[in-house]
2 protein chains.
Amino acid sequence: MTESTRPMRRQDIRRENEKAILLAAEKVFAEAGFGGATMQLIADLAGLPKANLHYYFATKEELYRSVVQNIFEIWLQAANCFDAARGPIDGISAYIDAKMEISRRHPDGSKVWASEVMHGAPVLQDYMESTLREWTDGRVEIIRRWIDEGKMDPVDPRHLLYMLWATTQHYADFGHQIETLNGGKSLSDRQWREAKENIKRVILTGIGAQPA
Amino acid sequence: MTESTRPMRRQDIRRENEKAILLAAEKVFAEAGFGGATMQLIADLAGLPKANLHYYFATKEELYRSVVQNIFEIWLQAANCFDAARGPIDGISAYIDAKMEISRRHPDGSKVWASEVMHGAPVLQDYMESTLREWTDGRVEIIRRWIDEGKMDPVDPRHLLYMLWATTQHYADFGHQIETLNGGKSLSDRQWREAKENIKRVILTGIGAQPA
DNA sequence: CTGAAAGCTGACCATACGGTCAGGATGCAA
DNA sequence: TTGCATCCTGACCGTATGGTCAGCTTTCAG
């Protein structure tokens, strides 16, 4: 009868608690915004006393910063899809798939990210001016090359990227609206698939994407 | 030397103050979210003592509700573009133009609306289940007709609408990100025009829109 | 086994915020 | 001019919240 939750090692304790806190924080920040979120609520959701939160994260800002940085990592990882691709059909399809998967699996994270940007990116400004800018410039180059190689119509790469971000992110950020218009039910597997297919089809057709 | 601001009639006073408060509130709610906004900040921005705000709007919630409802009106008005149109090219072009103009002229309003929906539409749930649903169903019908008449490819009307909402709203909600990637400068007239043209072109091409 | 480091927490504090109110100022109809 | 309704506001209040801390328990290296 060795209680499986009992013998916790220091490392495990730290990892698990931080994880629980970050998860709870992500949800609360997503639902209430930074200003509306309370440490008490996050603590309750994480199943820990409030003072324990401050043991791991000194301030609300620090906790928020951690949450936002986590999201940003995930967000950037979806980028890799773009790189391996030979042409717009592969690359953009994969990117849309990846970002839609994020919208579906991490809606809270997406909302926190959206909220952060909407409020002027007080925490992530540095990242936006360095990492994000570099990433974007890189993809702009790739798209430009595709255009030069006749693999797609000459569409402004930046506006195309914005379009990809917007359409995919919308399913997370405005998920509540979509649910309401869907009879109050969240999208089914089939509907998610249809959403992805529609987006891909419209955009790939719209930019005149040619097989590599 | 009749000071032009002096002789205020009751009606004018009320109208002007409410207007100033709503404008200030829109900005503060957009920048800080509902939870992060404070009545004091709104009062300062409106140039009135805090207690005066409570004279016109009993509670923070009531003020917020007014702001959100205003936005919703504007949002719905852009809908009319759709109705008069003979086909997808006219209708969708006009709608994109209208919504982009809203994103440009009322970015704060757009953000408040986005925030409201992201947080589960606590204030606007009723509207979403009635007005918005009706509006959406109506447009879905129109798009379906266009498809039946061979004026465009058989694209899922709902996902098309989401795409229109997402792409246009993105320029307001994520305006800060776009500015940052634009070298820290807000988009020029020319860039706004390009944005609109790109969106229109990609989407209209993407759905195979045929001249009416 | 032992001591120190890490983990934990109830009780507490200062502040900021939404909201109230008594009473003064102002526009206006009669 | 007068009386009243509207408009205005400084001072105040209760509460909720972020954050602190003293002292407890638990882990674990030596």
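Centroid-to-centroid, the aromatic rings of B:W165 and B:W113 stay 6.0 Å apart or farther.
Side-chain contact check for A:Q169 versus A:F174: every heavy-atom pair is 4.5 Å or farther apart.
Put simply, CZ on B:R9 is 16 Å from C1' on D:dT6, counting in whole angstrom units. The CD-C1' distance, from B:E16 to D:dC8, rounds to 16 Å in whole Å. Between A:H54 atom NE2 and D:dG19 atom C1' the separation is 5 Å, expressed in whole Å. The distance from atom NZ of A:K60 to atom P of D:dT20 is 15 Å, rounded to the nearest whole Å. Protein atom CD of B:Q11 is 19 Å distant from nucleotide atom P of D:dA5, rounded to whole Å. Between the CZ atom of A:F57 and the C1' atom of C:dG7 there is a distance of 15 Å, given to the nearest Å. Taking atom CG on B:D12 and atom P on D:dT6, their separation rounds to 16 Å, with Å as the unit. In this structure, OH of B:Y64 is placed 15 Å from P of C:dG18, rounded to the nearest angstrom.
Contact check, B:R14 against D:dC7: a side-chain N or O comes under 4.0 Å of OP1 or OP2.
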Each nucleotide N or O in nucleotides 8-11 of chain C that has a protein N or O under 3.5 Å away: list the pair and distance.
from, atom 1, to, atom 2, distance (Å)
C:dC8, OP1, A:N17, ND2, 3.1
C:dC8, OP2, A:N17, ND2, 3.1
C:dC8, OP2, A:Y56, OH, 2.4
C:dT9, OP2, A:N52, ND2, 3.1

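B:D173 contributes atom CG, which lies 7.0 Å from atom OG of B:S103 (distance to the nearest 0.5 angstrom).
A:Y64 and A:E116 share a donor-acceptor pair across their side chains, judged by distance under 3.5 Å alone. Side-chain contact, A:Y162 with B:Q177: no donor N or O sits under 3.5 Å from an acceptor N or O. Side chains of B:D44 and B:Q40: a donor on one and an acceptor on the other come within 3.5 Å.
Taken residue by residue, residues 26-37 of chain B places heavy atoms nearer than 4.0 Å to DNA chain C at B:A37.
Enclosure of atom CZ in A:R65 is not indicated, since only 12 or fewer non-hydrogen atoms of other residues, nucleotides or ligands lie within 6.0 angstrom.
Ring geometry for B:F82 against B:W135 counts as perpendicular: the plane angle is over 60°, on a 0 to 90° scale with 30° as the lower cut. Using the six-membered ring where Trp is involved, A:F72 and A:Y127 have ring planes that are perpendicular, over 60° apart on the 30 and 60° scheme.
Counting only distance, with no hydrogens or angles, the side chain of B:K60 and the backbone of B:A37 share a donor-acceptor pair below 3.5 Å.
Note on A:E61: only backbone sugar-phosphate atoms sit closer than 4.0 angstrom, heavy atoms only; bases stay farther off.
Two end axes, each from the C1' atoms of five base pairs, can be drawn for the helix from C:dC1-D:dG30 to C:dA30-D:dT1; they diverge by 10°, to 10 degrees.
No salt bridge links B:R145 with B:E141; every basic N to acidic carboxylate O contact stays at or beyond 4.0 Å.
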